[in-house]
Chemist: 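Following this message is one structure expressed as structure tokens.
The figures that follow rest on heavy atoms only: side chains count, while hydrogens, waters and symmetry mates do not. Note that the coordinates shown come from a computational prediction; the quantities given were computed from them, not determined experimentally. Indexing begins at 1, ligand by ligand and atom by atom, following the structure's order.
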Amino acid sequence: STAKLMGKDAKSKVTFDDVAGLQEAKVEVMEVVDFLKNPENYTKLGAKIPKGVLFVGPPGTGKTLMAKAVAGEAQVPFFSLSGSEFVEMFVGVGASRVRDLFKKAKEKAPSIVFIDEIDAVGRSRNKVNMFQANDERESTLNQLLAELDGFGENTGVIVLAATNRPDVLDKALLRPGRFDRHIYLELPNKQERKEIFEVHLRPIKRADGIDVELLASLTPGFSGADIANICNEAALIAARKKKDLVEKEDFIEARDRVVGGLERKSQIISPKE
Ligand code: ATP
């Protein structure tokens, strides 16, 4: 959508309360919140506040959610764009979008720029690519690097980016002063899945005795996004059956559907040889 391409400038209402598990990542992210809220504590000692932080982790582990929570906790505006949006753009458009977004972020500083799927623009440049989109991607990447270098130290803009493919990123992006800090978000363990269920069960009108422990044991390998999906799917299933409350069997049915979806996805992604 155009609105998304232009970059959203919204106050995020997400807080750490909405992010379950991810304890280590949260601790590191809290420091970023403090950079935004109390920059003087660092600058008065001559420290340079980091400009770029890279969230690394599998799909659906809460990278976008965490970025929004940083903005929500620090109460600063959140500007976002997605790397994959640039792939189909006309030459020159990607670079100017990046320039405009950073301009707005600087005007509204302290603020956050969030770049989802940075690997889509930030893939290593020295690999020969047979696709035409390459030129556009490169000019977008160059503009991004120029922005990171161009805005001086301690401007109050912190750039957060997310990827599940850190291995393909252009080394230039990872140099000191760019995305030199990495925060890892892993798939949740059983206890963390339980906590994620608890967050996503909050808005659901459910029958007594929904066993969160059981749901957590039935979902090994599921991401936070999959769990959110199960909770919503369960409510949809119960609604279709004209129930007043969502019951255990609805959650089990929803889990089976989500498993089905995941199996189909993994067949597409990794066809059997
Ligand atoms: P992708 O790599 O696919 O973009 P992502 O890591 O950015 O995924 P999000 O978009 O943040 O993942 O997660 C999608 C949704 O899944 C969130 O909006 C939230 O509802 C849920 N979710 C993911 N992780 C968590 C978590 N740790 N706690 C609570 N909810 C979560």
Chemist: Run the salt-bridge test on Lys243 and Glu249 with the 4.0 Å N-O cut-off and return the result as yes or no.
Modeler: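 Yes, this pair counts.
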Chemist: Any chance you could pull the hydrophobic cluster mates of Leu214, using side-chain heavy atoms under 4.5 angstrom and chaining through other members?
Modeler: Leu218, Ile252
Chemist: Main chain of Pro58, side chain of Lys63: is a donor-acceptor contact present, judged purely on distance under 3.5 Å?
Modeler: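 Here the side-chain-to-backbone pair exists.
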Chemist: Which of these, Asp116, Asp226, Leu65, has its nearest heavy atom closest to atom 4 (O) of ligand 1?
Modeler: Asp116
Chemist: How close does the nearest protein non-hydrogen atom get to atom 3 (O) of ligand 1, and which residue and atom is it?
Modeler: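 Of every protein heavy atom, Gly60 N, 3.4 Å lies nearest to atom 3 (O) of ligand 1.
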Chemist: Find all atoms of ligand 1 within a distance of less than 4.0 Å from any non-hydrogen atom belonging to Ala20, and give their numbers and elements.
Modeler: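 Listed by number with element, the hits are 26 (C), 27 (N), 28 (N), 29 (C).
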Chemist: Considering only heavy atoms, does Pro59 approach ligand 1 within less than 4.0 Å through its side chain, its backbone, both, or neither?
Modeler: both
Chemist: Heavy atoms only: which of Gly62, Gly224, Cys231 is nearest to atom 9 (P) of ligand 1?
Modeler: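 Among Gly62, Gly224, Cys231, the closest heavy atom to atom 9 (P) of ligand 1 comes from Gly62.
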Chemist: Among Thr64, Leu187, Val19, which residue places a heavy atom closest to atom 10 (O) of ligand 1?
Modeler: Thr64
Chemist: For the residue pair Asn142 / Ser139, report whether a side-chain donor-acceptor contact shorter than 3.5 Å exists.
Modeler: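 Looking only at side-chain atoms, Asn142 and Ser139 do not form any donor-acceptor pair under 3.5 Å.
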Chemist: So if I apply the side chain to side chain contact (heavy atoms under 4.5 Å, CB included) rule between Met66 and each of Thr61, Leu22, Asp18, Leu160, which one comes out positive?
Modeler: Leu22
Chemist: What protein heavy atom is closest to atom 2 (O) of ligand 1, reported as residue, atom name and distance in Å?
Modeler: Lys63 NZ, 2.9 Å
Chemist: Which is it for Leu185 and ligand 1 at heavy atoms under 4.0 Å: side chain, backbone, both or neither?
Modeler: neither
Chemist: Between Glu31 and Arg181, does any NZ, NE, NH1 or NH2 come within less than 4.0 Å of an OD or OE carboxylate oxygen?
Modeler: yes
Chemist: Pull out every atom of ligand 1 sitting under 4.0 Å from any heavy atom of His200, numbered as shown with elements.
Modeler: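 Selected atoms, number and element: 19 (C), 20 (O), 21 (C), 29 (C), 30 (N), 31 (C).
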Chemist: Please write down residue, atom name and distance for the protein heavy atom closest to atom 14 (C) of ligand 1.
Modeler: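 For this ligand atom, the closest protein heavy atom is Ala225 CB, 3.8 Å.
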Chemist: Give a yes or no on whether the backbone of Gly177 and the side-chain of Asp180 come within a donor-acceptor separation of less than 3.5 Å.
Modeler: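 Looks like yes, one N/O pair under 3.5 Å.
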Chemist: Tell me whether Glu247 is salt-bridged to Lys241, with the criterion being a basic N under 4.0 Å from an acidic carboxylate O.
Modeler: no
Chemist: Which residue holds the protein heavy atom closest to atom 29 (C) of ligand 1, what is that atom called, and what is the gap in Å?
Modeler: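 Result: Asp18 O, 3.3 Å.
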